[in-house]
Amino acid sequence: MSKKDPREHSRAVVDGVTRAPSRAMLRAVGFTDADFGKPQIGVASTWSQVTPCNMHIDTLAKAAAAGADEAGGKSLIFNTITVSDGISMCTAGMRYSLVSREVIADSIETVVEAEGLDGLVAIGGCDKNMPACVMAMARMNRPAVFVYGGTIRPGAERRDIISVFEAVGGHAAGRVSDAQLLEVERTAIPGPGSCGGMYTANTMASAIEALGLSLPNSSAQEAVGDAKLADARRAGAAVCALLEQGIRPRDILCREAFENAIAVTVALGGSTNAVLHLLAIADAAGVPLELADFTRVGEKVPVLADLKPSGRYLMSELIAIGGIRPLMKTLLDEGLLHGGCLTVSGRTLAEDLADVAPYPQDQTVVRPLSDPIKPESHLVVLTGNLAPDGAVAKITGKEGESFRGTAKVYGSEEEALADILGGGVAAGQVLVIRYEGPRGGPGMREMLSPTSAIMGKGLGDSVALITDGRFSGGSHGFVVGHVAPEAAAGGPIAIVEDGDEIVIDARRREINLLVDDEEIRRRLDSWEPDTHPAGAVLRKYARLVSCASRGAVT
């Protein structure tokens, strides 16, 4: 960490006689003479009307800009794209979801570098724009703070978006009427904010706070309210302080910080997508991180939070008892977090947590260490002849720790969903959805619709699902994703046939196809790749993307 000129980048854009044209342009957007001597703070807003997760972020961006201006900087707000997973799920549009992570990171880097901005506040509120913001921060290594847009308030009868997906399965099973489905649809999403359980957005917000890149409590605030506006305003001021102190993202993003993020994700029962995104953020930061690290950390950290989708409570109910800070303090006191890691507050994690009070004694959202939901991680990295480069399972223990069944194979998510809803799936089957990986999708879609349909049909305890695609943070049941190598790369998942036996053993961390090696080689020798139609952006992505076990980075 070395202190540098707070105007290191903007000086080259606005200082001197030859920069008069630049200053003239900036005067038109509101610069005064005094502003040219201030560090320029970019505020990257992911505001959009395409999703409730981000529909309010323009207001937070203005608050962050005001905070930067009050602290002696000069703010500049700019936008980037976002897409909605919940809306595009189980359509061709969902192939663009993970792609958008790369596009957003690239676009933030492009604006900050092109305009010579000295610092950055990045505000994200949905699954992919959040890790994208942090990837851009890590790449550029300019003083920066991430602000989470906040979680949505519960709908009627504590409903959320997963309630709707599972009601669709219930409707197919005849247990939910047309009128009941419409009622759930109308009441599940009451306003702005990210999906309400410990799904990917709330998981990543918590992981980013544990990394040290957002201010205390940023991950545990509702989208609507004074607390979130104040968080955004403080973030603008914090970037100016980081500029003065010379603290940059890569001073914070050490290997121990990633171990903290993994530990918090495990304790919260977070999304499998955290594995993919933390690998990608580490890659951007130049920090070695691999699947084995999730196993190593997860062996020591229990699942403590009883949060949806597999648990009972919503993020708003965790916020009501104190958010994630008391949980982090518990983990720190137990030696499960690295307290010496620096954060964007300018202090260490241990200093940030020093005065955090414990949860109320009568709360039931977060279990004590003496009575965990699961004594070790629910994120189980599996290997075997079906996933030589690894796969990621979400095993809370409620669905059991092993499954043996016969394969039923699908070439796309749509095929699988139609069969589940149509009654073609039976107990004892392992549904295999392939050609949905980063390259084969292209885009590595989330299998939320099939997993929700399985739960809605009442098959959650008798059917397993494996895929080279991903799962939503809202998925639960006996599910295994990120199977690598993927089918499009000639991975063994490509040659599974209907009726093959598959064994998934979370205790031994293995996933195996019970077919002899010679037969597997014979099938692979005669294998020909399947393809999905793809537009220009997807074709470009498929050429550049790495495998899931490396974070699906481009």
Between [X] (side chain only) and [Y] (backbone N and O only), is there a donor and an acceptor less than 3.5 Å apart?
X	Y	result
Q363	V365	yes
R153	G193	no
K228	S218	yes
D306	R312	yes
N54	T46	yes
W47	H56	no
R470	M444	yes
S549	A484	no
E436	E413	yes
E166	S163	no

Test side-chain contact (heavy atoms from CB on, under 4.5 Å) on R101 and L276; report intermediate values, then the result. CA-CA 11 Å; R101 187 189 72 180; L276 197 74; 4.2 Å; yes
Begin with the C-alpha distance, continue with both residues' side-chain angles, and end with the deciding distance and a verdict on side-chain contact (heavy atoms from CB on, under 4.5 Å) for V264 and L331. CA-CA 8 Å; V264 169; L331 296 176; 4.3 Å; yes
I need the [X] [atom1] to [Y] [atom2] distance, nearest 0.5 Å.
X	Y	atom1	atom2	value
I324	I319	CD1	CD1	10.5 Å
T80	I104	OG1	CD1	5.0 Å
I420	M455	CD1	CE	12.0 Å
R186	L181	CZ	CG	10.5 Å
T51	I189	OG1	CD1	9.0 Å
L382	E510	CG	CD	9.0 Å

Side-chain contact test, heavy atoms from C-beta onward, threshold under 4.5 Å: evaluate it for [X] versus [Y] and give yes or no.
X	Y	answer
Y148	S194	yes
L211	N260	no
F258	D293	no
S316	E222	yes
P131	L278	no
V275	L291	yes
D389	V483	no
T406	V430	no

Please tell me whether [X] and [Y] have a donor and an acceptor in their side chains that are separated by less than 3.5 angstrom.
X	Y	result
Y199	D160	yes
T343	D352	yes
S271	T203	no
T187	R159	yes
H277	D127	no
Y359	T330	no

Looking only at heavy atoms, which two atoms of [X] and [Y] are closest? And how far apart?
X	Y	result
C90	L417	SG-CD2, 3.4 Å
Y410	K408	OH-CD, 3.3 Å
V164	A188	CG2-CB, 3.4 Å
T383	G390	CG2-CA, 3.9 Å
A453	L421	CB-CD2, 3.8 Å
A64	I123	CB-CD1, 4.3 Å

Just wondering, are more than 12 heavy atoms of other shown residues or ligands nearer than 6.0 Å to CG in D355? no
Ion pair check, [X] and [Y], cut-off under 4.0 Å:
X	Y	value
E317	R158	yes
R325	E209	yes
R509	E299	yes
R296	E259	yes
K128	E446	yes

Apply side-chain hydrogen bond (donor to acceptor under 3.5 Å, both in side chains) to the pair S402 and D505, showing each step before the final yes or no. CA-CA 4 Å; S402 64; D505 190 329; 5.6 Å; no
Determine, step by step, whether F165 and S449 satisfy the side-chain contact (heavy atoms from CB on, under 4.5 Å) criterion, reporting the C-alpha distance in whole Å, the side-chain angles of both residues, the deciding distance to 0.1 Å, and the verdict. CA-CA 6 Å; F165 278 98; S449 292; 3.5 Å; yes
Out of the candidates V463, D419, T451, L459, only one should pair with L431 under the side-chain contact (heavy atoms from CB on, under 4.5 Å) rule; please name it. V463
Report the C-alpha separation of S84 and C53 in whole Å, then their side-chain angles, then the decisive distance to 0.1 Å, and conclude whether the side-chain contact (heavy atoms from CB on, under 4.5 Å) test is met. CA-CA 8 Å; S84 171; C53 306; over 6 Å; no
